[in-house]
Amino acid sequence: MGKKPFTAYNGALRNHARELRKNMTSQEKKLWYGYLRNYPIKFYRQRSIGYYIADFYCSKARLVIEVDGSQHFEPKDLLYDEKRTTYFKEYGLEVVRFTNRDIDTNLRGVCDFIDLKIEERLKSAPQKRP
């Protein structure tokens with residue numbers, strides 16, 4: 001099965017995404033201001049993608065990063081996250097999830113993993129012809 005055509009931005013979610021950017025969790029702020037904001041490849045925070053809003057998104061690497069609090073481990077939230085991940089994968093995006101605890105106790109390890117994932121994704125991306 002081929003991948004679906006993809007357009008990342010959903011203007012209908014603009015206001016909700018803006019509110020989420022204004023009210024990021026402390027762990028999202030830590031990852032954004034401490035690392036992703038100045039990453040050499042552009043990242044977006046609280047980016048609408050189709051019907052959903054990703055915590056962080058790198059379009060060049062086609063990578064979604066999610067920071068999950070404790071509510072994400074409730075059964076209904078696990079199902080919702082699984083549905084979101086499946087949706088993103090249908091468009092060729094990879095989803096990487098970190099817990100709040102990961103960010104709080106091992107930010108360096110999280111950042112190193114993101115670096116490796118970006119490198120991996122960029123190497124496997126189809127090369128554009130000149």
Discussion item. Please report the interatomic distance CG(L93) to CZ(R84), rounded to the nearest 0.5 Å.
Written reply: 11.5 Å

Discussion item. Less than 4.5 Å apart, side chain to side chain, heavy atoms only: is that true for F98 and N106?
Written reply: no

Worksheet item: For D104, which residues count as a side chain to side chain contact (heavy atoms under 4.5 Å, CB included) partner, sequence neighbours excluded?
Response: Q27, K30

Response to the item:
Here the pair of heavy atoms bringing R121 nearest to R62 is NH2-O, 2.9 Å

Worksheet item: OG1 of T85 to CD of E90: how many Å apart, nearest 0.5 Å?
Response: 11.5 Å

Worksheet item: Is there a side-chain contact (heavy atoms from CB on, under 4.5 Å) between D55 and I65 once you walk through the steps?
Response: CA-CA 6 Å; D55 289 339; I65 297 174; 6.0 Å; no

Worksheet item: Quick one: side-chain hydrogen bond (donor to acceptor under 3.5 Å, both in side chains) partners of K117, sequence neighbours excluded?
Response: E94, E120

Worksheet entry | Listed partners of D115 passing salt bridge (charged side-chain N to carboxylate O under 4.0 Å, His left out), at least two apart | none

Fill in: Residues which pass salt bridge (charged side-chain N to carboxylate O under 4.0 Å, His left out) with K83, listed by chain and number, not counting sequence neighbours
none

Response to the item:
When every non-hydrogen atom of I53 is compared with those of E66, the smallest separation belongs to O-OE2, 4.3 Å

Fill in: From Q46 atom CD to Y57 atom OH, the distance as rounded to the nearest 0.5 Å
15.0 Å

Item to complete: Identify the two heavy atoms, one from G50 and one from Y87, that lie closest to each other, and give their separation to 0.1 Å.
Response: CA-OH, 3.2 Å

Item to complete: Over all heavy atoms of both residues, which pair between F43 and W32 is shortest? Give the atoms and the distance, please.
Response: O-CH2, 3.6 Å

Worksheet entry | Any L31 side-chain heavy atom under 4.5 Å of L107 side chain | yes

Worksheet entry | Reported CG-to-CG distance for the pair D68 and N100, which is rounded to 0.5 angstrom | 8.0 Å

Discussion item. List the residues meeting ring pair (Phe, Tyr, Trp, His ring centres under 6.0 Å) with Y35, not counting sequence neighbours, and say none if there are none.
Written reply: Y39

Practice prompt. Sort out for me which residue in T99, D102, V96 forms a side-chain contact (heavy atoms from CB on, under 4.5 Å) with V110.
Written response: D102

Worksheet, complete the sentence: Nearest heavy-atom contact between A61 and L122 is CA-CD2, 4.0 Å

Response to the item:
What one should report as the nearest heavy-atom pair of V64 and A54 is CG1-CB, 3.6 Å

Worksheet, complete the sentence: OG1 of T86 to CG of D81, rounded to nearest 0.5 Å, is 10.5 Å

